[in-house]
Amino acid sequence: MNQDCFICSKHKGEILTAGTTIFEDDYIYVGHIDKGSNPTYLGHIMIDLKRHTPEIGDMTADEAKAFGLIMTRVSKALMEVEGAEHVYSMVSGNSVSHLHMHIVPRYPNTPIKYWSPMELNEWAEAPKGIGNEINEVCLRIKEYIEVTPYD
């Protein structure tokens, strides 16, 4: 772990985030993005690699398998449980040099103008929430992952 890394600090329990843990194993951690006291786009999920490494290409084979499988399962849960009509995935690494992926749902009736993971937050009518609303989304996704077998 890196002393100066936000994600490493989160994994050490030094930074608390909204919502419950959706999934965790030896390689990855899955939770909801948190904007503190500001409303957050509901269903915006973060998949963090536990080991501090900056790039996708730095993953081991086991990490890559775990990362890919959970990315698929979370995306499927967003569609099946939360009603997303499309799911975006994005890795940028511009502000935090610790591998993490954003999984962002696009819900029905989203205006085409906002069809981008970077634009969804600009939509005034986007489904947003704080605290318990985020926790409820996390619990629904967590339950789906726990009870739905992977094909």
Side-chain angles (χ1 to χ4, degrees), residues 1-82 84 86-107 110 114-123 126-148 150:
M1 293 210 177
N2 184 312
Q3 297 280 0
D4 301 322
C5 174
F6 167 79
I7 293 175
C8 287
S9 295
K10 180 174 73 170
H11 292 255
K12 289 188 281 186
E14 297 171 355
I15 297 173
L16 299 177
T17 57
T20 189
T21 300
I22 294 170
F23 180 84
E24 184 171 15
D25 68 10
D26 292 341
Y27 305 110
I28 53 176
Y29 172 87
V30 181
H32 201 284
I33 197 166
D34 185 9
K35 294 191 177 210
S37 60
N38 295 317
T40 301
Y41 187 80
L42 293 174
H44 186 155
I45 307 301
M46 294 283 293
I47 301 173
D48 304 336
L49 188 65
K50 282 188 167 180
R51 182 173 63 91
H52 182 83
T53 187
E55 301 293 334
I56 292 172
D58 295 328
M59 284 192 281
T60 66
D62 287 338
E63 290 168 336
K65 286 177 194 173
F67 209 87
L69 286 173
I70 201 63
M71 178 181 69
T72 301
R73 299 198 73 201
V74 168
S75 297
K76 194 171 211 176
L78 286 167
M79 294 175 81
E80 297 289 325
V81 179
E82 298 302 307
H86 183 74
V87 178
Y88 300 100
S89 62
M90 178 177 64
V91 174
S92 70
N94 291 334
S95 58
V96 178
S97 183
H98 182 130
L99 180 59
H100 62 286
M101 178 175 279
H102 297 258
I103 303 291
V104 186
R106 185 183 75 221
Y107 297 108
T110 302
Y114 300 106
W115 281 20
S116 160
M118 304 305 286
E119 301 294 326
L120 286 168
N121 279 314
E122 304 304 317
W123 179 31
K128 293 184 179 181
I130 58 173
N132 196 46
E133 295 164 305
I134 292 172
N135 199 49
E136 288 173 8
V137 170
C138 291
L139 290 171
R140 287 191 298 267
I141 295 170
K142 177 183 176 97
E143 181 179 2
Y144 178 90
I145 289 170
E146 289 174 349
V147 301
T148 306
Y150 189 76

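Side-chain contact between I70 and I145 is present, with heavy atoms from C-beta onward closer than 4.5 Å. Side-chain contact between Y88 and H102 is absent, with no heavy-atom pair separated by less than 4.5 Å. With contacts defined as side-chain heavy-atom distances shorter than 4.5 Å, the pair I141/V81 does not qualify.
With sequence neighbours left out, Y29 forms a side-chain hydrogen bond (donor to acceptor under 3.5 Å, both in side chains) with T21. Evaluation of the salt bridge (Lys or Arg N to Asp or Glu O under 4.0 Å) rule for E146 yields K142 as partners, not counting sequence neighbours. By the ring pair (Phe, Tyr, Trp, His ring centres under 6.0 Å) test, Y107 is found to be paired with Y41, residues two or more places apart in sequence or in another chain being considered. With sequence neighbours excluded, the residues that form a salt bridge (Lys or Arg N to Asp or Glu O under 4.0 Å) with D48 are K10. For H98, the side-chain hydrogen bond (donor to acceptor under 3.5 Å, both in side chains) partners are H52, not counting sequence neighbours. For E136, the side-chain hydrogen bond (donor to acceptor under 3.5 Å, both in side chains) test picks out N132, with sequence neighbours left out. Here E80 pairs with nothing under the salt bridge (Lys or Arg N to Asp or Glu O under 4.0 Å) rule; sequence neighbours left out. Taking the side-chain hydrogen bond (donor to acceptor under 3.5 Å, both in side chains) definition, one finds that H86 meets it with nothing, sequence neighbours left out. Looking at residues two or more places apart in sequence or on another chain, you find no salt bridge (Lys or Arg N to Asp or Glu O under 4.0 Å) involving K128.
For residues 57-66, the set of pairs meeting the salt bridge (charged side-chain N to carboxylate O under 4.0 Å, His left out) definition, not counting sequence neighbours, comprises R51-E63. The stretch residues 15-24 participates, sequence neighbours left out, in these salt bridge (charged side-chain N to carboxylate O under 4.0 Å, His left out) pairs: E24-K50.
The distance from atom CG of L69 to atom CD1 of I47, rounded to the nearest 0.5 Å, is 10.5 Å. Here CD1 of I28 is found 10.5 Å from NE2 of H11. Values are rounded to the nearest 0.5 Å. Atoms CG and CG, from L42 and L78 in turn, are 11.0 Å apart once rounded to the nearest 0.5 Å. Taken to the nearest 0.5 Å, the CD1 atom of I7 stands 9.5 Å off from the OG atom of S97. Rounding to the nearest 0.5 angstrom, the gap separating the CD1 atom in I22 from the CG atom in L139 is 9.0 Å. Taken from OH in Y144 to CE in M79, the straight-line distance is 10.0 Å, to the nearest 0.5 Å.
Using a distance-only test at 3.5 Å, with no hydrogens or angles considered, no donor-acceptor pair links the side chain of H44 to the main chain of H32.
Summarising the geometry of A84 relative to P105, their closest heavy-atom pair is CB-CB, 3.6 Å, with the distance given to 0.1 Å. Nearest heavy-atom pair, A66 versus D25, reported as atom, atom and distance to 0.1 Å: CB-OD2, 4.0 Å. Heavy atoms only, all atoms of each residue included: T20 and N135 are closest at N-OD1, 2.9 Å. What you find for L49 and F67 is that their closest heavy atoms are N-CE1, 4.0 Å. The two atoms that bring V87 and S75 nearest to each other are CG1-OG, 3.6 Å, heavy atoms only. Across every non-hydrogen atom of I134 and G129, the tightest pair is CD1-O, 3.7 Å.
Counting non-hydrogen atoms of other residues, nucleotides and ligands closer than 6.0 Å to CD1 of I130 gives a total of 12 or fewer.
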Which side-chain N or O atoms in residues 114-123 pair as donor and acceptor under 3.5 Å with protein atoms at least two apart or in another chain?
| from | atom 1 | to | atom 2 | distance (Å) |
| --- | --- | --- | --- | --- |
| W115 | NE1 | T110 | O | 2.8 |
| S116 | OG | M118 | N | 3.2 |

